Amino acid sequence: MKLQLVKQTQAELPDFLKDLNSEQQKAAATTEGPLLIIAGAGSGKTRVVTFRIAYLLQKGIPPHNILALTFTNKAAHEMKERIATMVGNSTSSKVWAGTFHSIFARILRSEAENLGYTSSFSIYDSDDSLSVVRAVMNTLGISQQQVPPQGVRSRISSAKNQMIGAQRYANEAGNILEKQTGQIYQEYEKRLRLNNAMDFDDLLINMINLFNNFPEILKKYQERFRYIHVDEYQDTNRAQYIAIKMLAAGIHRNLCVVGDDAQSIYKWRGADIRNILDFQNDYDDAAVVRLEQNYRSTKTILQAADNVIGNNRKQLAKKLWTDNPEGAKISVLPARDDREEADMILKALRTEMNENFLAPKDFALLYRTNAQSQALEDALRRAAIPYTIVGGLSFYKRKEVKDTVAYLRLLVNPNDSESVLRVINEPPRGIGATSLQHIRTYADEHNISLFEAFTTANQITTIQKRAAGSAQTFASMVQRFIDLKPDIPPTELAVSFIEATGLLRMLKDENTEESLDRWNNVQRLLSNIAEMSAREENPSLEAFLQQIALVSDTDEADTTKNRVALMTMHAAKGLEFPVVFIAGMEQGLFPMGRAENNAEEAEEERRLFYVGITRARQKLYLSYAERRFRFGELIFAQPSRFIGEISEELLELKVGNMNYQQSTPRKKPIDVTIIRQPFFDDIPKEDFFSQVPPTSPKLRVGIKVKHAQFGVGTVQALSGEGSKAQALVYFPTVGKKHLMLEYAKLQIVG
DNA sequence: ATCCGTGAGCTTTTT
DNA sequence: GCTCACGGAT
């Protein structure tokens, strides 16, 4: 359907809205004023929002006047894609659709100077901010033994999410722990500023600061965003709530929030369920639409979900119903231990595949904690069933990848001392802790950044000549590439810089299986830059760094491949599968131990279970183990009380037919670290679903190739093998270029 | 300066 | 079972 600039009245809705039920239509067509859409699980929420945006576009609203905020990149992508199929890609790509963090980062990047940052500020993820906390504690002389840095970080983060600044926190601190946290918090903020860096929470808070301090800027964005959509509104925290409120308080007031209080599962991250419960108080003229028809699940599954959530007190009134058939009963799989649990799941999975002609991609294995994935993985791998793990240990959190990112940050933001410290001895450069300490002191005293101190290290009398020498060598190496930056494309800059740092050589020289893996990961990150460069109109290192700071593996999970999906229930929100297994239904694990005596937390766990149940379309399995390994120790547990909250007639117990052999040795997987990486998409060799990677056609001297940036050129020479393979190509536009074949995706044109 | 062994704490969930 | 800080040895 193409965009038509035709004025429509509400009475004559465009045809495509007729595909919606009457409530959905109302939600999509109520475009003016505040609107609360209470959307139960499986009620077509995403569909309604995309239709609504398509409708706005069709009415002639310019796409850049529409804002859609989501929590995950995945949700944003999906929304964009679906809008694209309705109105075309050129229009949909101009809609401001993205996560809170990425949209705000984008705005902040163009307004950064107003807040005393440069536009190339670094974004610190939670690991980065943890190391800042550690460093601060070191300088303040607070023992990490007595005060766990992790706890400090999370207290700081939750203070930030509640809009409590460092000064105020310190003032209001009651006990010693809070006083120390306050002290660290203040220093932490100072250091981030000095580093020209923001953490995740700052992206929200600085947005509000910007709006508060610069009313004309606020006005600009209020006018730009005529129509605002917020997905998963129940998961917004205080800062997000305020930012939205400010944006929507302009002349337009067209704020549409979508959510389901029953699916609020991020309280631990500062989400405040009151935001959705009180929406009608905040906007007394708000229209309310309830989407209560479920199109996803069987009656049985929905009934079970309803049984469970009925045990929670705080809820918005709604009643989900469905026209779908009764469906199969919910199977309960009782196992003796986690290994048997995995075997039983596998057996059931195979039966489903055979009897109902289902493919791997029709299944999801859900669990409470990532650690549980291992037993399930082992079983799937042994059975040669392809699987993919969503989330877990992230590619971007791996040491070598973070090191590479830290190096690249230096090119963009040399003031980022955290990154300097991170990479200074990767590879070792002979600048030890003592020298480093002296340089830092010097930098502090002279009020210059660490990098500047490196540049002038020969003037630091407190360190040895040799250390000063290597510090300067390092600094001038970095500086050389900073100077090159304006002149060469980001991919080339990054590749040659990382080469020059010696990181790659260090990993190569170590020559262990592990280090070669790491080497691969670094290459992989570099080729991501190449990919982005080929895709974007104006590729920049800044944009790339911002992007990867805000993505997670969850976003990259490729659900199109034919694989069983393994993930936490948190990660599964928004997804659906014909058959769902929820593993580890045990007291102490789900609900989690600490939630057992805490009513609020127990309710959140229950909502999480609700989310898990409602992912299933046809069939749900619940499994538990009487004992399992946790912390390398055997733990005994009772079945989860959540199972008991489902009425008995919906359940059936599967027992006795497992012919389980106690003697099966628990063998350690050959290479757990690799297997656990979702990024590798590793599946057993004998996997018949896997695809053979496309072999590249033969490159030879004299042949014409096409490069994403440089256009068509002629190959002059070829050298190196495998990942080191290079081509010397002559481009009429830019001259001769040495290109790594792995990054430069050359197309052969003749 | 760097390597290596030890012990403590940890994991619930993530932008 | 894994990661990290710390301390002592090289």
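All values reported here derive from a predicted model rather than from experimental measurement. Labels below follow one simple rule: chain letters A, B, ... track the order of the sequence lines, proteins then strands, and each chain is numbered from 1. Hydrogens, waters and symmetry mates play no part in the numbers below; they use all other heavy atoms, side chains included.
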Salt bridge flag under 4.0 Å for residues [X] and [Y]:
X: A:Glu418; Y: A:Arg409; value: no
X: A:Arg641; Y: A:Glu586; value: no
X: A:Arg274; Y: A:Asp272; value: yes
X: A:Arg628; Y: A:Glu340; value: no

Rounded to whole Å, please give me the gap between [atom1] in [X] and [atom2] in [N].
X: A:Arg615; N: B:dT13; atom1: CZ; atom2: P; result: 19 Å
X: A:Lys402; N: C:dT3; atom1: NZ; atom2: P; result: 15 Å
X: A:Asp127; N: C:dT3; atom1: CG; atom2: P; result: 12 Å
X: A:Arg422; N: C:dC4; atom1: CZ; atom2: P; result: 9 Å
X: A:Gln240; N: B:dT15; atom1: CD; atom2: C1'; result: 8 Å
X: A:Leu204; N: B:dT14; atom1: CG; atom2: C1'; result: 13 Å
X: A:Arg628; N: B:dT11; atom1: CZ; atom2: P; result: 19 Å
X: A:His570; N: B:dT13; atom1: NE2; atom2: P; result: 9 Å

Comparing nearest nucleotides in DNA chain B, the 5'-proximal residue of the pair A:Arg153, A:Gln150 is A:Gln150
Only counting residues at least two apart or in another chain, list the ones meeting side-chain contact (heavy atoms from CB on, under 4.5 Å) with A:Ala76.
A:Thr70
What does [X] touch in the nucleic acid at a heavy-atom separation under 4.0 angstrom: a base, only the sugar-phosphate, or nothing?
X: A:Phe200; value: base
X: A:Glu604; value: nothing
X: A:Ser126; value: base

Could you work out which one of C:dC4, B:dT15, B:dT14 sits closest to the side chain of A:Arg134?
C:dC4
Among residues 266-275 of chain A, which contact DNA chain B at a heavy-atom distance under 4.0 Å?
A:Tyr266, A:Trp268, A:Arg269
Does the Lys NZ or Arg CZ of A:Arg269 fall within the cation-pi geometry relative to A:Tyr266 - under 6.0 Å from the ring centre and within 45° of the axis?
yes
List for me each residue that meets side-chain hydrogen bond (donor to acceptor under 3.5 Å, both in side chains) alongside A:Gln472, sequence neighbours excluded, and say none if there are none.
A:Asn458
Give a yes/no on whether any side-chain N or O of A:Asn370 is located under 4.0 angstrom from OP1 or OP2 of B:dT13.
yes
Any A:Thr72 side-chain N or O less than 4.0 Å from OP1/OP2 of B:dT14:
no
Gap in Å between the two P atoms, one belonging to C:dC4 and one to B:dT13, rounded
16 Å
